[in-house]
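Protein chains get the first letters and strands the later ones, always in sequence-line order, with residue 1 at the start of each.
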Protein chains: 2
Amino acid sequence: MPGTATESKARVEVACCAPLDTVNMTSDQAEQAAAMFKALADPARIRIVNLLANAPDAACVCDITPHVELSQPTVSFHLKKLLTAGLVERTQRGKWAYYSIRPGVLSEIADALELKGTRT
Amino acid sequence: MPGTATESKARVEVACCAPLDTVNMTSDQAEQAAAMFKALADPARIRIVNLLANAPDAACVCDITPHVELSQPTVSFHLKKLLTAGLVERTQRGKWAYYSIRPGVLSEIADALELKGTRT
DNA sequence: TTGTCATATTGACAAATGTCGATGTGTCAT
DNA sequence: ATGACACATCGACATTTGTCAATATGACAA
């Protein structure tokens, strides 16, 4: 990194930029934020979240499946990803499993964003 | 899907949920949103974005690298991902490449989020 | 209890991703 | 021209991811 004139020999190099001393986020914070975004990093899961966010009530898998045009096991696979990421909730009623957006999730994502700087 | 009483035989089954007629997003919209989130779906890239968002000025690779504790080629790899996703900008000045957050990106991400429902 | 239905899990596999060392490319100073 | 430096690209590799058919699980009805 240029700009550190430590040697006795005249190191007059220009600095490439400011030292970047900003408070770093912890590895945990980074991993956690990345996990949130990873859960949304797939078109199928985006569709599911969109569906659930706009649905009047919780929705069962049999109604979600036709909207994403994937096999039922694959839809379950994506729902599990969303579930373990904490983006959706699951409740069993009868033989059906109902999924819904976990309340407050959207604002949490917004928080994750501000975590990386409020400027701009 | 239960609830569709089409047969002449009395199909008195209970419906599992409402028909979910909500306006679907297009495949393009889903893919585009997923691409945004995919760019953020990695701890290293989260750190980089955090760094750039909090930096007073644009930062060069040589200053970013030590903060993410990865090899220089790997950092370049991540920067390229962020670049092609449109999250950061690149300008060459002298022998250094300066990266900065593309202005307006954070609100665009927020928009992508609202795309999946304004309720909660 | 037996069957049916809705959902989850498993096993297999192709494709994408993250990582690094080695090397290429472009820019500046000498 | 030559060398040093900052960064990008390449080749190789292990890991993760998304997908499906087949099968297991769990709930209800008859």
Visitor: A:L83, A:I46: one ILVMFWY side-chain cluster at the under-4.5 Å cut-off?
Guide: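 Yes; tracing contacts between hydrophobic side chains, which count when under 4.5 Å, links both residues.
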Visitor: Quick one: label B:L79 by what it contacts on the DNA or RNA (base, sugar-phosphate, nothing), any heavy atom closer than 4.0 Å.
Guide: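 Nothing, no heavy atom under 4.0 Å.
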Visitor: Is any side-chain N or O of A:Y99 closer than 4.0 Å to OP1 or OP2 of C:dA8?
Guide: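 Checking C:dA8 against A:Y99, a side-chain N or O does come within under 4.0 Å of OP1 or OP2.
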Visitor: Using 0.5 Å steps for rounding, measure from the CD1 atom of B:I48 to the CG atom of B:L70.
Guide: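 Going from the CD1 atom of B:I48 to the CG atom of B:L70 covers 8.0 Å.
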Visitor: Can you check the A:K38 NZ to C:dA16 P distance for me, whole Å?
Guide: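 It works out to 17 Å between those atoms.
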Visitor: Nearest-Å distance, CG (A:D63) to P (C:dA6)?
Guide: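 Result: 11 Å.
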Visitor: Going through the checks in order, is the side chain to side chain contact (heavy atoms under 4.5 Å, CB included) test met by B:D42 and A:F37?
Guide: CA-CA 8 Å; B:D42 183 281; A:F37 290 118; over 6 Å; no
Visitor: Nearest to the side chain of B:D42 - C:dT9, C:dC20, C:dG18?
Guide: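 So the nucleotide nearest the side chain must be C:dG18.
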Visitor: Answer yes or no: does a side-chain N or O of B:K80 lie under 4.0 Å from OP1 or OP2 of D:dA8?
Guide: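 No, because none of the side-chain N or O atoms of B:K80 sits under 4.0 Å from OP1 or OP2 of D:dA8.
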Visitor: Rounding to an integer number of Å, can you tell me how far B:K95 NZ sits from C:dC28 C1'?
Guide: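 Rounded to the whole Å, the gap is 6 Å.
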Visitor: Select from A:A41 and A:G94 the residue whose nearest nucleotide in DNA chain D is closer to the 5' end of that strand.
Guide: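 Residue closer to the 5' terminus by nearest nucleotide: A:A41.
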Visitor: Would you kindly give the CG-to-P distance between B:L83 and D:dT9, to the nearest whole Å?
Guide: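 Interatomic distance, CG of B:L83 to P of D:dT9: 10 Å.
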Visitor: Quick check for you: among C:dC5, C:dC20, C:dG18, whose closest atom lies nearest to any side-chain atom of B:T74?
Guide: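 Closest nucleotide among those given: C:dC20.
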Visitor: Which whole-number value in Å describes the distance from B:W96 CH2 to C:dG26 C1'?
Guide: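 Value for this atom pair: 14 Å.
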Visitor: Could you tell me whether the side chain of A:T74 reaches within less than 4.5 Å of the side chain of A:H78, counting heavy atoms only?
Guide: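 They are in contact (side-chain heavy atoms under 4.5 Å apart), so the answer is yes.
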Visitor: When you check the phosphate oxygens OP1 and OP2 of D:dA6, does a side-chain N or O of B:R93 lie under 4.0 Å from one of them?
Guide: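 Looking at the OP1 and OP2 atoms of D:dA6, neither is under 4.0 Å from any side-chain N or O of B:R93.
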Visitor: Are A:H78 and D:dT19 close enough that a side-chain N or O sits under 4.0 Å from OP1 or OP2?
Guide: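 Answer yes for this pair, as a side-chain N or O of A:H78 is under 4.0 Å from OP1 or OP2.
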Visitor: Taking the minimum atom-to-atom distance to the side chain of B:Q92, which one of C:dC20, C:dT27, C:dA8 wins?
Guide: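 Among C:dC20, C:dT27, C:dA8, the one nearest the side chain of B:Q92 is C:dT27.
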Visitor: When you measure from the side chain of A:L70, which nucleotide among D:dC20, C:dT17, C:dT7 comes out closest?
Guide: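 Side chain of A:L70 sits closest to D:dC20.
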Visitor: Can you tell me how far P of C:dT19 sits from CZ of B:R47, to the nearest Å?
Guide: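 Result: 12 Å.
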Visitor: Begin from the C-alpha positions of B:R90 and B:L79 and carry the test side chain to side chain contact (heavy atoms under 4.5 Å, CB included) through to its verdict.
Guide: CA-CA 9 Å; B:R90 191 196 113 111; B:L79 284 170; over 6 Å; no
Visitor: Looking at the base of C:dA6, is there any donor atom on it, or on the side chain of A:Q72, that sits under 3.5 Å from an acceptor on the other one?
Guide: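 Between C:dA6 and A:Q72, which were checked side chain against base, a qualifying N/O pair under 3.5 Å is absent.
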Visitor: DNA chain C: B:P73 or B:K81, which has the more 5' nearest nucleotide?
Guide: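 Looking at DNA chain C, the more 5' nearest nucleotide goes with B:K81.
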Visitor: Where the side chain of B:F77 is defined as all heavy atoms beyond and including C-beta, which of C:dT19, D:dC7, C:dT7 is the nearest nucleotide?
Guide: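 Among C:dT19, D:dC7, C:dT7, the one nearest the side chain of B:F77 is C:dT19.
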Visitor: About how many Å separate NZ of B:K38 and CG of A:L40, when rounded to the nearest 0.5 Å?
Guide: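 Separation between the atoms: 12.0 Å.
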Visitor: Within less than 4.0 Å of OP1 or OP2 of C:dA8, is there a side-chain N or O belonging to A:R90?
Guide: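 Looking at the OP1 and OP2 atoms of C:dA8, one of them is under 4.0 Å from a side-chain N or O of A:R90.
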Visitor: Starting the side chain at C-beta, find the nucleotide from C:dT17, C:dT7, D:dC20 nearest to A:S71.
Guide: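 For the A:S71 side chain, the nearest candidate turns out to be D:dC20.
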Visitor: Given atom CD1 of A:I64 and atom C1' of C:dT7, what is their separation to the nearest angstrom?
Guide: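 After rounding, the reported distance stands at 11 Å.
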Visitor: By nearest atom, which of the nucleotides C:dT7, C:dT19, D:dC7 is closest to the B:C60 side chain?
Guide: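 Minimum distance to the B:C60 side chain belongs to D:dC7.
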